[in-house]
Amino acid sequence: MKKIYIVLTLTFLSLTSCNQDDFLDKDPYDRVLTENLITDLTSFNAAAKGVYDIFQDTYYYNSYYLVLADLMSDNVKNNNFSVFSAIDRYQTEANDIYAQRTWAKISYAIAQTSIVIRQAEIFNFGADQEKATELIGQLYAARALAYFDMQRLFAQPYNFTADASHLGIPLVDETQVGIELINSPRSTTKEVFMKIVSDLEKGLLLIGDDTSSVYYLNKNSAKALLARVHLYMENWAEANTLATEVINSGYNLVSNANYVASWAADNSSESIFSIVNTSTDNSSTNSISYYYGRPRYLATNDLNTALDANDVRKKLIANNKVLKYPAYATRDNNTPVIRLSEMYLIKAEALAEMNLDTDAKAAVNMILLRANPLATPYTQTGSALKDIIQEERRKELMFEGHRIFDLTRKKKSFTKYSTSSETSITVNYPNNRTILPIPQSEIDANDNISQSQQNEGY
Amino acid sequence: MKLKLTNGFFLHKQKPLKLIMKTFIFLFCTVAFSFNSENGFSQDANIIINSDKVASVEEIFEIIKKQTDYRFLYVNSHIENLPMIRLEKGIIKAKKLLEKALEGTDLTFKFNNSETIILRKSDIAPVKKQAALTISGIVKDENGELLPGVTVLEKGTNNGTSTKFSGNYEIKVQDSNSILAFSFVGYKTKEVLVGNNTNINVVLEVSVQQLELVNIIATGYQKIAKEKMTGAAENIAPSFYETNFKTTLQEGLQGSIPGLQIFANNSHPQAIPQVIIRGVGSAFQEGTNVAGFGAPTTVLGNPPTLTPGSPLYVIDGVPTFDGIDLSSLNGNDIKSITVLKDAAAASIYGARAANGVIVVETKSGSKGAARIMYSSQIGFSNFTNLDERLNSTQLRELYVEGLINNTSNSISTTAAALNFLQAPGGSVTPFNINKNTNWGNELTRNAIVKQHNLSVSGGNNSSRYYFSLGYLENESPLKEIDFNRFTVRFKYDTEVSEKLNITTNIGYGNTKSNNHETGTSYYSPFKNIYLLRPDLNTYNVDGSYDTSFNYAINPLGILTEETRALETNDFRGALNLNYEFIPNLTLETSLNGNYRLNENYNNFPDYIGKGFNNGSSFGIQKNTNTFNWNGRALLRYLYSFNENHVLNMFAGLENNGVDIKATNVSVDQLRAGSETLDNGETVDTYTTRRENTISSAFFNANYSYQNKYLANASFRRDGSSRFGKNSKYGNFYALGLGWNIHREKFMENLDLFNQLKLRVSYGVNGNDQIDPFGYSGTFSGTGSYNGNNVATISSAGNASISWEKNTTFDIGVDFSILDNRISGYIDYYNRKTSDLLYNLPVSSLNGDTFVFQNFGGMQNSGVEISLNTRNIVAENGLNWTSGINFTTNSNKITELETDEIISGNYIRKVGEDFNSLNLYGYAGVDPDTGSELYYTDATETTKTAVLSQAVKYNQGKTTPDFYGSFVNTFSYKNFSLTAQLYASWGGQVFETGGFLQNDNGNKRLSDDSNTSKYVYDNRWQKPGDVTDVPKYVYGNARSNTQSTRWLHDASFVRLKRVQLSYNVSDKLLQKTFIDKMRVHISADNIWTYIKDKTLTNDPEIGGITGAASFDTPLAKTVYFGINVSF
């Protein structure tokens, strides 16, 4: 009988004695709770690299983002394909699914970087602290890029109002994101740009000296990005200084002879920051190489004729088909985010705006003559030079996701060619359709963005 | 006042005279007591008792009547339940004898002048004698199951008690002449003379009068007489699951009780019907995996296993994990299935009981010599109905017409059209009028179903055993799809000592099934019955499958060449200890474990792989191990005071854990004909795991006063690993009150009622079926960048997420009238869901687009009616019983943050049913042009042929208004005939694949372009035709519009089952070793009435959400069965 008592007592105790809080704390095996995300440098490294995986997504730098800026401009038209067809016709509506996807994916990059930065900053890495700090620097730069990309696509340019007081994109509450649900209001464009600049400057402060890989943000790419931001903000002196520093950091323009081939390579001597794409990353039909290779989208006749017959860049277009991303079969072209060419063009533009035409010409001619050694170097000055620099930007950076932003920040009117048969629309500055709508789904879900804060015209 | 209706209200069975006399007495009684009579002279007559015996009062009256000229006048009920009298041989005066007979009762008698003895109730309560003897014992049922709550009465007195949970009772009686009456609802009352025994153990027999239902409710925590319940709970009659051919139990339960709604939405052998108790109480969301984890068996087209809002299943005390797959359970091993519907009944399950609880108990052995039972059934099944498709001649006629109708091509004559069909160009298969394949015939069969069950049970005074083997083979009418099951079960109960009971329960089930893709999938063979052109070849000339189809795949090739096999091994084990410290205080501990291994094996040869793996063969092996355990310790205490107050309490602690591990390997480039995955190239492997735990403390108390007034309170506190620190614990409670009106004094003169009970309950339960880590943001490492593993946001956090709460109010009346001829209940319920867990869109700056939130509320209210009648009762003649049950439920959303949520084809709006459809309003066909028309808005005043001018609007709910069942059983001598009708009325079904099934030319000459006979028969052909099927136009681009054209009334009545059985007479069996033998022929689903004649699909395939897309219709099955016991 005693034995039975013991058995019963033990059974009872075993059921009741375990620590309830431990018993009820079950961490996931296939995921990790945000609070447990960073436990050492290795885990932080994985979390820090996560943002590149988001950059690499179809809806971001793998294809959507790259196509959009050219498609919305005079560079590219839709070849009767469903994706972006409304955007191509300038008939985008607030519930456009493609605008929504792009918005969401860039949002993820912002959330990812904000959460990881917060978690890393409260973690003590001990001996690995220095390396961790450098990674944190990278993340600040990455967040700045994401904010900048979202701002460019979903809000009017910096100079749209004199004091940049018009609505920009929302800035996340960095202390709450990933813990409680956040509803961020739209900030003013000025605030957004201040945030971008501050993130980049903080990044530059923390980031290390290692610039060996172009596939991750580093000191040079952060600086190049900041040069671009200052250009958009029309801070010409800063843009010039930063672009010059990057030019002097050891990159070289690809030769005329190697120019076309360089687009088939993973990276080149002028790559400053590129996103890696592999066949397995993009096994579907949604890659930039597939889009331009199939072709889903075509270069406009207007762009094609703008290129001189001797210009090596004309070889990147054949019968309106874009050849800049030639890996149609394997779908593994990397995405160039920042190249050295852009730095020369930033430098040229900034100098021209500061009325330093001679130096400006020198910079833009570097790009012209590399593309077409037979060309006559530019001699124009003043506004003509400024126009030439923009035209050169169009040719050099075509299909890399710049054109619409250049047109709007320069307040240019242009002709939008849509569909393969080229219906044309004249787009005068300012135009509601040169930016995408804040997705209706975001307005519906976000308590702090009201319908009246939708971009005008949507 | 009650007449003894020994032969019911069918007068032909009665002896008229007796009836008249009784009626007379009935009328007379009301005045009889006013007679003022003297003690007459005849009261000294001598009565001779010729032997010692025990006799009832009625028997004593008979003795007196025989030996004298006295007649008796009395109210029948007054002498019922009077104690037996011990008579000694000899002579006794009539008056003395009567005095003795009525001693201790409240009856007095008077002799009047006309030789009539009148009995009446005295005004003075009888003087209670001092109780002298203490009697104790145990009450069990025929299976040796302990019976708590049995009323033990000393006959003829108010002295009584009831058995404790352990089945024990103790009572003080006057003397050895006392008679104890043991009564319990559902059982025959048993009377025992005390005599010299102080320990009286009793076995109660189930009362045959109680139809099939034994009214003991097993909640999993306690067994309680239905009479004592304050909540709404009900047992399902065994006939609904015992001979069930369904691999999962649920379909057979359809129509068994009100409030339990079952949608048999698919005839796939492993399909799990959707089960809803009292309406949709949680948010169903299209395409959301609520568990936040790949459901264990879902790999490439296997049936989904999880339905949010489904009840909690508890098998032998263990709550099942994510729980709705009961396919490894054999219906023949089940002793009872109890459905707990309201808060008072289900609240003891707290956090998981929001949507009701279904408690399954398996069989135990019974005392006695080994009893062997064997049953076997074999039958055939086929689809109930298949939509009629066009043959080659008909389809060609449409093509020709359609080509001419299409004004954008150059074809305007039949000849040109026929030329085009013979040489369409491109990769399109030319039309071959000489071929006429009936894909329905090619792909379906008369399937064979069979099962065998063998059980051995027995036991002695201290232990009992039950052992069973079961085997089932269930073929689908769709070729190459089947399900096999083998089960073993062993249960052993033993009384180690008077105080200690141990029960061990071990079960094993093995299931093997061959599956194929279902629904609208490209690989779905069933879909291809409807879509494939009749002029296609099944085989090439060389006998191989024709694989040249475009936009379709040869379904016969899929069925025979691809493998999608699922094997499940399911082990269950339980150990229960029951220890009685002191009488009335018992400790119960139980440990249960359930281990399940799912092996999912898919092998697709090159030809199948073409569609999704770039032409390579492809294989997947996914194994999922699940371990689910439950440990519980509880103390029961029974306290009775003054013999009127009985308080039955238990309190305990419980822990539950689920651990699921999955391993998945995907391989391609398999060698042709490869049976395994070991010779291909590994594409992907992953392992994953999930653990969930629940820890609970609970308390329950039942109080009753004289069995008249009942009160129940329960409280449970649950902690769940699914919630964050802020909301880990939830408190749930319920209160119930009951009033057994029939036990009231004032009811004694209203003997119409055998039972009348009022019950009211109120309580709160919870639902935790959400992403287990929804309370926190999470990161996952599924991506990679530049060869590095990365961690990216997997889900956004919502630290404030908490339980969904379900508050139920229930009021019900249980009744039984006319000598139990009519019994049943009526319940009204109102369930309110608050803090509804809903996967809602959030600002994507959270790093996620949808996050579970406690948001909004909804309400389900309705009425449940259940009636059981014994229409004809005759001992050896015709018997006829009926069972009717009926449920109405109305669902509405009571609170939403926004005006409305549009989700796919559904609109969610405050005040509307949760499953309301949002579709274009189809306005028929323009008689002049033959083009389809749509309403421009919800006012349905203006029609347009231009879709962009029309809007989608609320087209009403899919949920039925009511559903119910009508069962009739006729038995005559050894024959019995049962028929069950099931009806569901007022719902709608939307055919999401309707535009494909009724193609209007859109699919051109694609190989999947066949259409329905309905389209062929009703299409618009010339101006003036009034029809709802537009003009057939080759290349018509609009027929895929999601409009009310594909919306149908889903009301139906179905003959669920007819069964004719014959019990071989004992006479015939006398000379054999067989004890009992029964044979039957049964038919399931053989007839269906569908209200909407244009609905060609099965009305049930839409399920709860009313969305139908090429799901296989129900199977009709005819089978023969035999049951023998030795």
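Quick note: numbers below take in every heavy atom, side chains included, and nothing from hydrogens, waters or symmetry partners. So you know, we letter chains A, B, ... as the sequences are listed, proteins then strands, and number each from 1.
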Output the option from [options] having the highest count of non-hydrogen pairs under 4.5 Å with chain B.
options: A:Y52, A:Y215, A:F55; result: A:Y52
options: A:E180, A:M150, A:K105; result: A:E180
options: A:D447, A:I449, A:I54, A:I179; result: A:I179
options: A:D444, A:I115, A:N45; result: A:I115
options: A:S43, A:A46, A:A445, A:A109; result: A:A46
options: A:N446, A:D27, A:V32; result: A:V32

With only heavy atoms counted, which part of [X] is less than 4.5 Å from chain B, the side chain, the backbone, both or neither?
X: A:I275; answer: both
X: A:E442; answer: side chain
X: A:I182; answer: both
X: A:N36; answer: neither
X: A:I110; answer: side chain
X: A:S274; answer: backbone

Sidechain N-carboxylate O distance under 4.0 Å for [X], [Y]:
X: B:R636; Y: B:E580; value: no
X: B:R689; Y: B:D659; value: yes
X: A:K195; Y: A:D199; value: yes
X: B:K728; Y: A:D25; value: yes
X: B:E691; Y: B:K661; value: no

Next item on the list: Could you tell me how the ring of B:W803 sits relative to the ring of B:F723: parallel (under 30°), tilted (30 to 60°) or perpendicular (over 60°)?
Entry: tilted

In terms of heavy-atom proximity below 4.5 Å to chain A, should [X] be classed as side chain, backbone, both, or neither?
X: B:S795; answer: side chain
X: B:I801; answer: neither
X: B:N789; answer: backbone
X: B:V851; answer: side chain
X: B:S794; answer: side chain

Measuring centre to centre across the rings, with the benzene-like ring taken for any Trp, is [X] within less than 6.0 Å of [Y]?
X: B:F773; Y: B:F852; result: no
X: B:Y221; Y: B:F698; result: yes
X: B:F699; Y: B:F650; result: no

Notebook entry, point to check: Do you know which of B:S784, B:G652, B:P841 has the most heavy-atom pairs under 4.5 Å to chain A?
Noted result: B:S784

Notebook entry, point to check: With respect to chain A, which residue among B:S843, B:A799, B:G719 yields the maximal number of heavy-atom pairs within a distance under 4.5 Å?
Noted result: B:S843

Check: Would you say the side-chain atoms of B:N656 and B:N630 include a donor-acceptor pair closer than 3.5 Å?
Finding: yes

Margin query: If we count only N and O atoms by modelled type, under 3.5 Å, do the side chains of A:Y29 and B:R690 hold a donor and an acceptor together?
Written below: no

Margin query: Using ring pair (Phe, Tyr, Trp, His ring centres under 6.0 Å), reason through A:F44 and A:F123 one step at a time and then give a plain yes or no.
Written below: CA-CA 10 Å; A:F44 175 38; A:F123 189 80; 8.8 Å; no

